[in-house]
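One structure is given below, encoded as structure tokens.
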Amino acid sequence: MNQRATDATDATILFQPIQVGELNLPNRVVMAPLTRNRASAGNVPNAMNATYYAQRADAGLLIAEATQICPEGQGYIATPGIHSDEQIAGWKQVTGAVHERGGRIVLQLWHVGRISHTSLQPDGKAPVAPSAIRANAKTFVAEGFVDVSTPRALTTAEIPALIESYRQAAANARAAGFDGVEIHAANGYLLDQFLRDSTNQRTDAYGGSIDDRSRLLFEVSAAVAGEIGAGRTGVRLSPVTSFGDIADSQPQALFNHVVERLASLDLAYLHIIEGETGGERRPQPFDYAAMRKPFRGAWMLNNGYDRSMAIEALRAGQADLIAFGRPFIANPDLTRRLRENAGLNQGDPNTFYGGDEHGYTDYPTLD
Ligand code: PHB
């Protein structure tokens, strides 16, 4: 028996290169998107953000934090956008710094839907959603944590402009120097709200059957892929998370169908959050292999993976890529630490969301 094949301390498999669509990744370590609430006024990325991402550039792929595609897409304070010229210029600093260090970075395209508050919305209006159902959830605004606001349902006539916002955001991401984009369709935000029957009670072509509830994600994905190339487009899904007060009566049937439809677009990758998002890994019964079956692109898994779990998942063929979230906050050189089986710094939760360089760009490397 091959010694290597059973040695969980051997990280060779994590450091095998892989072609993901049009992206050539030197290893299987991905930095998951992490909300850090440190954009400057106008939700513009800044030099501090560029330093933070550049410090982590030896990952196979960086997925930049969730970024609103339009003003209505914002749900928390100081999250960056990709809809203004100033934001595009700000992101150019980030992508330039990452590329200078030899890295690759894609942008996560975000619309929060109902997970927002009137104080964050243009003219203090209600957030938009598939249906006017308020989430039992909180968000963070200038005054601190507050209950999210009751949304209004998007009209059918508004859907083309929404899809156009995603396409324009992808074009803006390309202009900002990103290597691609990830469409955020997970964690109870707008596209996930359309997918699930607890939040989508529409009677038009975008609600009702599983196929109809999947329509918006499919049309958004096709528009984005048409803009920047399917080989530069990924989608993030979280079939069983309840984050953002979301649920579905038939998650397996729903997400099997979603992946089957997305498979026809030849996307670069799908990014799957197993179990609940954030914090501890809490897997729930779900047949991820069945969901994966029709998909030919790269398969990225996320949810509390550590080094040995990542190695095992790659060896078992359960994944092509592993996305690490929280460990990347406190370990700018996480990729090297995984390679060398070095210990990890512990992150300080008090500085996860908002603040300055402290707890952001000042975590120590091995050197
Ligand atoms: C958050 O800001 O808490 C957040 C953002 C995006 C996610 C999950 C959580 O996908």
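Counting convention: from 1, in listed order, for ligands and their atoms alike. One-based numbering along the sequence shown. This one's a predicted model, so the numbers in the text were calculated from it and none came from an experiment.
- With sequence neighbours excluded, the residues that form a side-chain hydrogen bond (donor to acceptor under 3.5 Å, both in side chains) with Asn24 are Gln19.
- Among residues two or more places apart in sequence or in another chain, the side-chain hydrogen bond (donor to acceptor under 3.5 Å, both in side chains) test is passed with Glu72 by none.
- Taking the six-membered ring for Trp, Trp299 and Tyr269 have ring centres at least 6.0 Å apart.
- Qualifying salt bridge (charged side-chain N to carboxylate O under 4.0 Å, His left out) partners for Glu100, counting only residues two or more places apart in sequence or in other chains: none.
- Donor-acceptor pairing under 3.5 Å is recorded for the side chains of Tyr206 and Glu219.
- Judged by distance alone, the side chains of Glu312 and Tyr305 never bring a donor and an acceptor atom under 3.5 Å apart.
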Distance dump, ligand 1 polar atoms to protein, N/O, under 3.5 Å:
from: ligand 1; atom 1: 2 (O); to: Thr35; atom 2: OG1; distance (Å): 3.3
from: ligand 1; atom 1: 10 (O); to: His184; atom 2: NE2; distance (Å): 2.7
from: ligand 1; atom 1: 10 (O); to: Asn187; atom 2: ND2; distance (Å): 2.6

